[in-house]
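Structure first, commentary second.
Worth knowing before you read on, the calculation uses all heavy atoms, side chains too, and leaves out hydrogens, waters and symmetry mates.
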Amino acid sequence: WVCEVLSPGTMRFDRAVKMPIYAQAGVAFLWLIEPISKTLEVYVLQPDKKWLLIDTFAGEETVHPVPFDAVPFCLGDLWAE
């Protein structure tokens, strides 16, 4: 599992360069957190080494994304200052 916190300055690099590297390394799950838009994207690695977006969460909701779906948490806690 990898969790990337995206920033405007590195977002393109994180998506275009790092995501394929994680896939080739066999990372099973990837979260992309975007604090400005307050979103969490959840990806699962497919057998062909391609990422499949399985969930997108936003705002303040309580979520239970894989691979930690047994432990729900408030997404709003990520945006708290």
Side-chain angles (χ1 to χ4, degrees):
W1 170 72
V2 168
C3 178
E4 282 281 347
V5 178
L6 304 176
S7 67
T10 64
M11 190 177 310
R12 181 178 297 161
F13 182 79
D14 294 337
R15 290 181 180 278
V17 176
K18 287 180 163 182
M19 284 181 74
I21 291 170
Y22 296 146
Q24 288 306 311
V27 172
F29 301 95
L30 173 64
W31 290 6
L32 296 180
I33 295 176
E34 213 284 275
I36 294 172
S37 65
K38 298 183 179 179
T39 59
L40 165 62
E41 297 174 1
V42 180
Y43 294 86
V44 170
L45 188 63
Q46 299 299 287
D48 63 356
K49 301 280 186 177
K50 302 286 183 188
W51 290 111
L52 176 64
L53 176 63
I54 60 167
D55 271 311
T56 301
F57 302 102
E60 309 289 321
E61 65 184 297
T62 297
V63 298
H64 47 88
V66 295
F68 307 111
D69 46 317
V71 184
F73 67 93
C74 178
L75 195 57
D77 290 343
L78 297 178
W79 326 130
E81 295 182 23

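Counting non-hydrogen atoms of other residues, nucleotides and ligands closer than 6.0 Å to NZ of Lys49 gives a total above 12.
Residues Pro35 and Val5 meet the side-chain proximity criterion, which asks for heavy atoms closer than 4.5 Å. Contact annotation: the side chain of Phe73 approaches that of Pro65 to within less than 4.5 Å [non-hydrogen atoms, C-beta and beyond].
From Leu40, atom CG reaches atom CH2 of Trp79 across 6.5 Å, with rounding to the nearest 0.5 Å.
Legend: side-chain hydrogen bond (donor to acceptor under 3.5 Å, both in side chains) pairs involving residues 54-76, not counting sequence neighbours: none detected. Counting only residues at least two apart or in different chains, salt bridge (charged side-chain N to carboxylate O under 4.0 Å, His left out) contacts with residues 11-38 comprise Glu4-Lys18, Asp14-Lys18, Arg15-Glu41.
Counting side-chain heavy-atom gaps under 4.5 Å among Ile, Leu, Val, Met, Phe, Trp and Tyr, the cluster of Met19 also holds Val2, Leu6, Met11, Tyr22, Val27, Leu30, Leu32, Tyr43, Leu45, Trp51, Leu53.
With hydrogens and angles disregarded, a donor-acceptor distance shorter than 3.5 Å links the side chain of Trp31 to the backbone of Val66.
Residues Ile33 and Phe13 fall into different hydrophobic clusters, defined by Ile, Leu, Val, Met, Phe, Trp and Tyr side chains chained together at heavy-atom separations under 4.5 Å. In the hydrophobic cluster analysis, where Ile, Leu, Val, Met, Phe, Trp and Tyr join through side-chain heavy atoms closer than 4.5 angstrom, Leu52 is grouped together with Phe68.
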